[in-house]
Amino acid sequence: MRAWRVGAAVLGAAGMALGVGVPAGAAPQSVSTVQATVYAQRMLACTSPDYCNGVVSVPRAWRQVKTGRWQDRFVDPSAARMIRFDLDQRHKITPAAAMKKREVALRGTPGLRILGRATGTLTTARGGKVTMATLVYSYRSGATTRWVATRFVSLYGITDQAVELTAGGRLGDRAVLTTTLAKATRTFTLVG
C-alpha cells in the first residue's frame, strides 16, 4: 500500500450544482445507469510509487491515464467519456478569472455553446474555504456533439486557482458526467 499523509483540503461537502439543462434534442442518460456506477478511491498526481499528491473517488471501471507530472485522466473503457485532474495550477488568478480566460480561449471552437457558468464559495468538512467556478459548454467534434464541464478550484482560503477538474463526453452522457464531477469535487483531497 502506498504511504501518504492526509493534509486535507477536501473539495466540498456540498459540491456545486451545475444548474444547466440538457439542450433540446439531447438524449438524457437513464437514471439507472447513473445509479449503477460504482465509485472507488484512486490516487493521482503520483511522483513515485510510494507518494501521491491527491486522492479522489471516481468510477471504479474507469482506466487511469497519467498525462503529466501533476495530471491524471480517468477514461471510461465502455464509452467516450472521461474526467481529468490537473493539480499543476500555479496561476496567479482566481477561479472566476480562470473560467473567463478559458471561455475566451474557446472562441472559434466549432459549434461552441456555453451552457452555463457558476461560481461559489463553501466551507469544507475540515473547515477550509473553497472557491469554485464552473464552465459548462458543448462543441462539435466531427458529427458528434461533446459536453464538457470544467471546474476551477482554489484551496485553503487562498484566492489563486489550485486545481482544475474537467468532465467530458457525449451530450447524452451529461447525467453520469455531472454526477462524476460532483462526486470528485466532494471527495478530492490533497495529501502530502
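The basis for the numbers below is simple: all heavy atoms, side chains too, and nothing from hydrogens, waters or symmetry mates. As the structure is a computational prediction, the values presented were derived from the model and not from experiment.
With values rounded to the nearest 0.5 angstrom, E164 atom CD is found 10.5 Å from L87 atom CG. We find the CD1-CZ distance between I93 and F152 to be 8.0 Å, quoted to the nearest 0.5 Å. Rounding to the nearest 0.5 Å gives a distance of 8.0 Å between CZ of R69 and CG of N53.
Nearest heavy-atom pair, V136 versus A149, reported as atom, atom and distance to 0.1 Å: CG2-CB, 4.0 Å. Listed here is the closest heavy atom pair of G168 and L177: C-CD1, 3.5 Å. Taking each heavy atom of L106 and L112 in turn, the nearest pair found is O-CD2, 3.6 Å. Annotation for F74 and V58: closest pair CD2-CG2, 3.8 Å, computed over non-hydrogen atoms. The two residues A61 and P77 have their closest heavy-atom pair at O-CD, 3.4 Å. Heavy-atom minimum distance, A45 versus D72: N-OD2, 2.5 Å.
Not counting sequence neighbours, the partners of T144 by the side chain to side chain contact (heavy atoms under 4.5 Å, CB included) test are R146, R170. Partners of R60 according to the salt bridge (Lys or Arg N to Asp or Glu O under 4.0 Å) rule, which considers only residues two or more places apart in sequence or in another chain, do not exist here.
For the pair S57 (side chain) and T187 (backbone), a donor-acceptor distance under 3.5 Å is absent. Side chain of Q64 to backbone of M43: a donor-acceptor contact under 3.5 angstrom is found. With hydrogens and angles ignored, the 3.5 Å screen pairs no side-chain donor or acceptor of R117 with any backbone N or O of M99. Between the side chain of D76 and the backbone N or O of R81, no donor-acceptor pair lies under 3.5 Å.
Connection of V65 to I83 is not established within any shared hydrophobic cluster, with ILVMFWY side chains joined at heavy-atom distances below 4.5 Å, either directly or through further cluster members.
A 4.5 Å side-chain heavy-atom check between T166 and M82 finds at least one atom pair inside the cut-off.
Under 3.5 Å, the side chains of Y137 and T150 contain no donor-acceptor pair of N or O atoms.
Between F85 and F188, the ring planes are parallel. Angles under 30° get that label, and only those over 60° would be called perpendicular.
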